[in-house]
Amino acid sequence: MSTEVHGAVAPGFERVRDEFAANFSEHGDVGAACCVYRGGDAVVDVWAGLADPAATQPWSRDTIVIVFSCTKGVTAVAANQLIERGLLDPDAPVSEYWPEFAQQGKGAIPVAWVLSHRAGLAAIDDPNLTLDDVAAWHPVVEAIAAQAPNWEPGTTHGYHARTYGWMTGELIRRVTGLMPGAYVAQEIAGPLDLDFVIGVPEAWESRVARLLPPAYDDPELERLVHEALRDPSTMLGRVMGGPSGLFGYDDMWNTRQMRGAQLPSSNGHGDAHSLARMYAACLGDVDGVRLLAPDTVTRATEVRSSGTDCVIGQPLSFGLGFALAPTYGPVPGPRTFGHSGAGGSVAFADPDAGLCFAYVMNQMRLSMSEQDPRGQRLIDAAYASLAAVA
């Protein structure tokens, strides 16, 4: 059954729309959106499918959805704005801005190690944190400040799946007085008129697509993934297993509590247009707004961590908060930066091509190693289209 694709596509980029439609018939997409910016203009802005299959609610222009770790890219823009403005120094100790963080020998950890996943604080040790504590913000950041590192900071990098957001978000709060969601609304989403938010307002609830749990074709793969993500004897299991089951991909992400929480690593909600537009404004003016100066982008995308990640066990590369080019497969240029999200969402900027891309969806797909074919085929099509119209 074909799925009607809505939106607009510039001449020469029709292949992206065609691959987007094929994701529904060939790769099980239920509801999704894709946007490509070339320079300051959107050349692809499409959406299709169902935001909530049970309610037969269609995906519309104003549908937003959780994008998991694509949120880290937005938080990285915020942090690098503060670095550009002189409010945050990547080489200064975190404790200069957040004195309580110095406990347990952490006083010398610099801001840059937090942003590049080198702080050694990927797993939270406190077993008593509840989801209420997570939603309340202060208990979880206090727990991070009070604990010892998981490994010697600075010696290696390991994916700080949730703690990246709490630590970076607390730095934002300490230097601006604003919760990270309020800062993003004021300094990033507001100026660009983005439909993106960290902490969904109750008034936006009707716009949020229902997240669907991962679909597996292979029951053995499902078993292996679940075991790997919950094995308390490994760093991956410790990171992905807590606190309070926060790292599961189940219906809790559809609750008002988790949608409304401040999780600057994980629970940003938005559309593809907003993510692509944000990255376009990192590379140049978009309707008179530029988020980061060229020198800031250069500094933010210098490699700070590279090689096999000690949490994920796969090669990852990070700058100051941004995941760098190896995350996105073979097509984007070497200076590409952005972030992907659990289940398949992805958003990035390629300065060399002048192209910014975002894909979001509500049907999760999890794999231990395989590149998600839905996003990858759209990325491939975007670059093939760009080459054809050049």
Side-chain angles (χ1 to χ4, degrees), residues 3 5-9 16-17 19-24 27-37 42-53 57-77 184 188-189 192 194-198 200 204-205 207-215 249 253-254 258-259 263-280 323 327-328 338-349 355-366 371-379 381-382:
T3 299
V5 176
H6 303 275
V9 178
V16 181
R17 179 192 58 209
E19 294 290 352
F20 180 72
N23 274 344
F24 288 84
H27 291 289
D29 254 340
V30 174
C34 179
C35 184
V36 181
Y37 262 73
V43 293
V44 176
D45 191 5
V46 293
W47 59 91
L50 296 173
D52 186 346
Q57 176 185 345
W59 197 289
S60 63
R61 177 184 292 276
D62 69 349
T63 296
I64 60 173
V65 67
I66 189 170
V67 298
F68 286 109
S69 286
C70 287
T71 312
K72 290 183 175 70
V74 181
T75 304
V77 173
V184 167
I188 298 174
L192 285 166
L194 306 183
D195 273 340
F196 189 91
V197 65
I198 298 174
V200 177
W204 288 28
E205 277 287 326
R207 300 174 52 198
V208 181
R210 186 169 191 82
L211 182 71
L212 305 176
Y249 298 108
W253 294 104
N254 292 314
M258 296 314 299
R259 286 176 176 173
L263 299 175
S265 63
S266 318
N267 83 328
H269 287 71
D271 57 12
H273 179 90
S274 295
L275 286 169
R277 183 174 172 84
M278 180 198 73
Y279 280 113
T327 305
Y328 304 105
H339 222 289
S340 57
S345 56
V346 59
F348 63 80
L355 182 144
C356 297
F357 173 93
Y359 162 72
V360 304
M361 76 300 127
N362 61 353
Q363 176 59 72
M364 297 188 71
R365 183 182 189 275
L366 290 182
Q371 189 85 11
D372 191 319
R374 298 171 299 173
Q376 191 60 56
R377 68 190 298 164
L378 295 172
I379 293 169

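Sequential numbering from 1 along the given sequence is applied to the chain's residues.
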Participant: Using residues 207-215 as the side-chain source, report each donor-acceptor pair under 3.5 Å to any protein atom, sequence neighbours left out, with the distance given to one decimal.
Facilitator:
residue	atom	partner	partner atom	Å
Arg207	NE	Asp62	O	2.9
Arg207	NH2	Asp62	O	3.0
Arg207	NH2	Asp195	OD1	3.3
Arg207	NH2	Asp195	OD2	2.9
Arg210	NH2	Asp251	OD1	2.7
Arg210	NH2	Asp251	OD2	3.1

Participant: Could you tell me which residues satisfy side chain to side chain donor-acceptor pair (under 3.5 Å) with Gln57, sequence neighbours excluded, listed by chain and number?
Facilitator: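 Here no residue qualifies.
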
Participant: Run the ring-ring contact (aromatic ring centres under 6.0 Å, His included) test against Phe20 and tell me which residues pass, sequence neighbours left out.
Facilitator: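 If we apply the ring-ring contact (aromatic ring centres under 6.0 Å, His included) test to Phe20, skipping adjacent residues, the hits are Phe24.
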
Participant: Sequence neighbours excluded, which residues qualify as side chain to side chain donor-acceptor pair (under 3.5 Å) partners of Asp29?
Facilitator: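 Side chain to side chain donor-acceptor pair (under 3.5 Å) check on Asp29 returns Tyr359, Arg374.
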
Participant: Can you name the nearest heavy-atom pair linking Ala381 to Glu19, along with the distance?
Facilitator: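 Between these two residues, the closest heavy atoms are CB-CG, 3.8 Å.
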
Participant: Could I get the full list of ring-ring contact (aromatic ring centres under 6.0 Å, His included) partners for His273, not counting sequence neighbours?
Facilitator: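 His273: ring-ring contact (aromatic ring centres under 6.0 Å, His included) contacts with Tyr37.
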
Participant: Specify the closest pair of heavy atoms between Ala358 and Leu275, including all atoms of both residues, with the distance to one decimal.
Facilitator: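 For Ala358 and Leu275, the tightest heavy-atom pair comes out as CB-CB, 3.7 Å.
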
Participant: Rounded at 0.5 Å granularity, tell me how far OG1 in Thr63 sits from CG in Asp271.
Facilitator: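 Taking OG1 in Thr63 and CG in Asp271, the distance rounds to 8.5 Å.
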
Participant: Is a side-chain donor or acceptor of His269 paired with a backbone partner of Ile64 at a separation under 3.5 angstrom?
Facilitator: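 Not confirmed, His269 side chain does not pair with Ile64 backbone.
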
Participant: Go through the structure and list residues passing side chain to side chain donor-acceptor pair (under 3.5 Å) with Asn362, not counting sequence neighbours.
Facilitator: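 Expected list: none.
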
Participant: Give me the one residue out of Asp372, Asn23, Val16 that meets side chain to side chain contact (heavy atoms under 4.5 Å, CB included) with Arg377.
Facilitator: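 Answer after filtering Asp372, Asn23, Val16: Asn23.
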
Participant: Considering non-hydrogen atoms only, spot the tightest contact between Asp45 and Arg61 and give its length.
Facilitator: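 Taking every non-hydrogen atom into account, OD2-NH1, 4.3 Å.
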
Participant: Just jot down the side chain to side chain donor-acceptor pair (under 3.5 Å) partners of Ser266, sequence neighbours excluded, or say none.
Facilitator: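 Scan of Ser266 (side chain to side chain donor-acceptor pair (under 3.5 Å), adjacent residues dropped) gives Arg162.
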
Participant: Which pair of heavy atoms, one from Ser345 and one from Val360, lies closest together, and at what distance?
Facilitator: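 In terms of heavy atoms, the two residues are closest at CB-CA, 4.3 Å.
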
Participant: Hey, what do you get for CD1 (Ile66) to OG1 (Thr71), rounding to the nearest 0.5 Å?
Facilitator: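 Going from the CD1 atom of Ile66 to the OG1 atom of Thr71 covers 7.0 Å.
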
Participant: Roughly how far, to the nearest 0.5 Å, is the OH atom of Tyr279 from the SG atom of Cys70?
Facilitator: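 If I round to the nearest 0.5 Å, the distance is 7.0 Å.
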
Participant: I'd like to check the side chain to side chain contact (heavy atoms under 4.5 Å, CB included) partners of Arg17; sequence neighbours left out, ordered by chain and number.
Facilitator: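 Result, side chain to side chain contact (heavy atoms under 4.5 Å, CB included) vs Arg17: Val5, Val9, Glu14.
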
Participant: Can you tell me how far apart CG (Leu194) and CZ (Arg277) are? Round to the nearest 0.5 Å.
Facilitator: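 It is 6.5 Å, given to the nearest 0.5 Å.
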
Participant: If we only count heavy atoms from C-beta on, is the Met258 to Leu263 side-chain gap below 4.5 Å?
Facilitator: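 A side-chain contact exists here, since the closest heavy-atom pair is under 4.5 Å.
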
Participant: Can you name the residues that form a side chain to side chain contact (heavy atoms under 4.5 Å, CB included) with Leu50, not counting sequence neighbours?
Facilitator: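 By the side chain to side chain contact (heavy atoms under 4.5 Å, CB included) rule, Leu50 matches Val30, Pro53.
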
Participant: Contact between Phe196 and Ile188 at the side-chain level, heavy atoms closer than 4.5 Å - yes or no?
Facilitator: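 They are not in side-chain contact.
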
Participant: In terms of side-chain heavy atoms, does His27 have a donor or acceptor partner in Arg365 at a distance below 3.5 Å?
Facilitator: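 Checked: His27/Arg365 side chains show no N/O donor-acceptor pair below 3.5 Å.
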
Participant: Would you name the heavy atoms of Ile198 and Gly268 that are closest together and state the gap between them?
Facilitator: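 Looking at all heavy atoms of both residues, the shortest contact is CG1-CA, 4.3 Å.
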
Participant: Return the minimal non-hydrogen interatomic distance between Thr3 and Ala48, and the atom names on each side.
Facilitator: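 Minimum heavy-atom contact is CG2-CB, 3.9 Å.
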
Participant: Quick one: sort the Phe357 and Phe348 rings into parallel, tilted or perpendicular, breaks at 30° and 60°.
Facilitator: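 Plane angle under 30°, so parallel.
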
Participant: To the closest 0.5 Å, what do you measure between CZ (Arg259) and CD (Glu205)?
Facilitator: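 Here the rounded value is 4.5 Å.
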
